[in-house]
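All values below were derived from every heavy atom in this structure, side-chain atoms included, with hydrogens, water molecules and symmetry-related copies excluded. Quick caveat: nothing in here was measured; it's all calculated off a predicted structure.
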Amino acid sequence: MELLKGRLGVPGHMVQRIDVTGVGGVGLAAWEFTDPPKIGGGLEESERRPGVLLLHGLMGRASHWAATARRLSARHRPVALDQRGHGRSEKPADGPYDREAYVDDAIAAVEQLGLAPVALVGHAMGALTAWQLAARRPDLVSALVICDMRASALGAASQREWTEWFRSWPVPFATLADVRRWFGEDDPTLERPRPARGEFFAEVMAERSDGWRPVFSRRQMLTARETWVHDAHWEELAQVSCPSLVVRGLDAELGRAEAMEMVRVLPRGAYAEIPDAGHLLPWEQPDAWCAAIEPFLRTATMPG
C-alpha cells in the first residue's frame, strides 16, 4: 500500500494507492482520494461515504480524475482505477484486453475495495465498461455516469483511422512541451487548438533514454478497441436499472440525437450537455462537468 500526498495533481490532498487483483491475476493499481485525517475521523470516516469508482477511457489513467475526485470527496469516497494496460497497472503482453476482462477487473475493484453499492463514472471506454458492469451486476451499482461514449457500432473504418493516427505520432517526443504542442495544436486530426488535450497526453508519457514515449502500448490499445468498435451496445444499456446520467460536450464524439436515444433506452436515464467542450469535456470544462454530475450523484446515492 502506498500513501502519497500532493501527488496526482491534488496539492495538499492525500492519495492512497491500493493494489487490486484483476481477472487472471493481473495486478491493478487503484487510487483512493481522501481528505487528510481529522481528529476522530480519518479513513474510517471516508469509507462510510458512498463509493464512486472512476473509470478512464482508452489511453487514460487514474490520475486524470484527480480534480473530479477532489470535488467529489466532500460527500463521497472516490476511487480511480488504472485499468489493465494503462497507468501503473500491469500490461500483460498477451492480454486479454477484451470487454469481459475490463468488466471483470472493475467488478474485482468494487468488491475488493468494499465500494458497493457504488456509483460508476466512466469516460469513453470506461463508460462502456461501467454500463456493462451495471447491466451484469445491478446489485453492486447505485448510479451511473456515462461521459461521451456511443452505444452504436463505430465500424471497421474507425479502427483503420485509429491505426493510421497512431502511426502518425512523432514518437519519441524530445520534451513534454513537444507532447503538449503536438496533441494540443499540431495533430492534423484537430480542427482547432485544444490545450486540455495536450495536457491530457502529457500525463500519459514517460521519459525514456531517447525521449518521451506513451506509458501504454499502442498495439494493446488497438487490441482493446477492436473488441468493441464492431458491436453496438444498446441491449446492455437497456438492462441498466440504476439512475443514469449521459453527459456530452457540444463538440464531442457522441452526437445529441444518439445521446437522447441512449437516455430514452436507459430505464432511468437523464441528460446533461456542456457547451464549448469536446471529447475530453471533464478536463476542458471541469467546473461545468462537476456541476452536472455532483447533484446527480448526491441524489442518486442518497441513503434510502
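What you find for Ala30 and Val79 is that their closest heavy atoms are CB-CG1, 4.0 Å. Pro188 approaches Trp182 most closely through the heavy-atom pair CD-CZ2, 4.0 Å. The heavy-atom pair separating Trp283 from Ala196 by the smallest distance is O-CB, 3.8 Å.
Checked against ring pair (Phe, Tyr, Trp, His ring centres under 6.0 Å), Tyr102 has no partners two or more places apart in sequence or in another chain. Residues meeting the side chain to side chain contact (heavy atoms under 4.5 Å, CB included) test with Pro295, sequence neighbours left out: Arg298. Residues forming a side chain to side chain contact (heavy atoms under 4.5 Å, CB included) with Ala177 (at least two apart in sequence, or on another chain): Thr175. Taking Trp162 as the reference, Trp165, Phe166 meet the ring pair (Phe, Tyr, Trp, His ring centres under 6.0 Å) condition, with sequence neighbours excluded.
Note that the CE atom of Met14 and the CD atom of Glu32 stand 10.0 Å from one another [nearest 0.5 Å]. Put simply, CG on Asp210 and CZ on Phe173 are 12.0 Å apart, with the number rounded to the nearest 0.5 Å. We find the CG-CZ distance between Leu297 and Arg71 to be 12.0 Å, quoted to the nearest 0.5 Å. Leu81 contributes atom CG, which lies 6.0 Å from atom CG of Leu55 (distance to the nearest 0.5 angstrom). Here the CG atom belonging to Leu115 is positioned 5.0 Å from the CZ atom belonging to Arg77, to the nearest 0.5 angstrom. If you take CZ on Phe200 and CD on Glu284, they are separated by 10.5 Å, rounding to the nearest 0.5 Å.
No side-chain donor-acceptor contact under 3.5 Å links Trp31 and Ser63.
Residues Leu281 and Cys147 meet the side-chain proximity criterion, which asks for heavy atoms closer than 4.5 Å. Within the 4.5 Å cutoff, the side chain of Leu280 has no heavy atoms near those of the His64 side chain. Residues Pro92 and Tyr97 have side chains in contact (heavy-atom distance under 4.5 Å, counting atoms from C-beta outward).
At a threshold of 4.5 Å between side-chain heavy atoms, the hydrophobic network of Ile, Leu, Val, Met, Phe, Trp and Tyr places Met125 and Val23 in two separate groups. Hydrophobic clustering, with ILVMFWY side chains joined whenever heavy atoms are under 4.5 angstrom apart, keeps Leu250 apart from Trp289. In this structure, Val265 is a member of the same hydrophobic cluster as Leu128, with clusters built from ILVMFWY side-chain heavy atoms closer than 4.5 Å. The cluster map of Ile, Leu, Val, Met, Phe, Trp and Tyr, joined by side-chain heavy atoms under 4.5 Å apart, puts Leu190 and Met205 in different clusters. One hydrophobic cluster, built from ILVMFWY side chains closer than 4.5 Å, holds both Met59 and Leu176.
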Problem set entry | Thr301 vs Val52, side chain to side chain contact (heavy atoms under 4.5 Å, CB included): CA-CA, chis, key distance, verdict | CA-CA 9 Å; Thr301 60; Val52 176; 5.8 Å; no
For this session: Take Glu294 and Leu72 through the side chain to side chain contact (heavy atoms under 4.5 Å, CB included) test and state the conclusion after the steps.
Result: CA-CA 7 Å; Glu294 283 180 300; Leu72 294 178; 3.9 Å; yes
Problem set entry | side chain to side chain contact (heavy atoms under 4.5 Å, CB included) between His123 and Trp65, intermediate numbers included | CA-CA 10 Å; His123 175 249; Trp65 288 118; 3.8 Å; yes
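Heavy-atom contacts from other residues, nucleotides or ligands closer than 6.0 Å to CG of Asp94 number 12 or fewer. The environment of Arg75 atom CZ is sparse: at most 12 non-hydrogen atoms of other residues, nucleotides or ligands sit within 6.0 angstrom.
For Asp139 and Arg137, the salt-bridge test passes: some basic side-chain N is under 4.0 Å from an acidic carboxylate O. Using a 4.0 Å cut-off between a side-chain N of Lys or Arg and a carboxylate O of Asp or Glu, Arg84 and Glu90 do not qualify as a salt bridge. Under 4.0 Å is where a charged nitrogen must lie from a carboxylate oxygen, and between Arg136 and Asp104 at least one such pair does. A salt bridge between Arg197 and Asp187 is present, with a side-chain N of the basic residue lying under 4.0 Å from a carboxylate O of the acidic one.
Applying the side-chain hydrogen bond (donor to acceptor under 3.5 Å, both in side chains) test to pairs two or more places apart or on separate chains, those with a residue in residues 254-268 are Arg150-Glu258, Ser152-Glu258, Arg256-Glu273, Glu261-Arg264.
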Pairs under 3.5 angstrom only: tabulate donor-acceptor contacts from the side chains of residues 235-246 to other protein residues two or more places apart or in another chain.
residue : atom : partner : partner atom : Å
Glu236  : OE2  : Gln132  : NE2          : 3.2
Ser244  : OG   : Cys242  : O            : 3.0

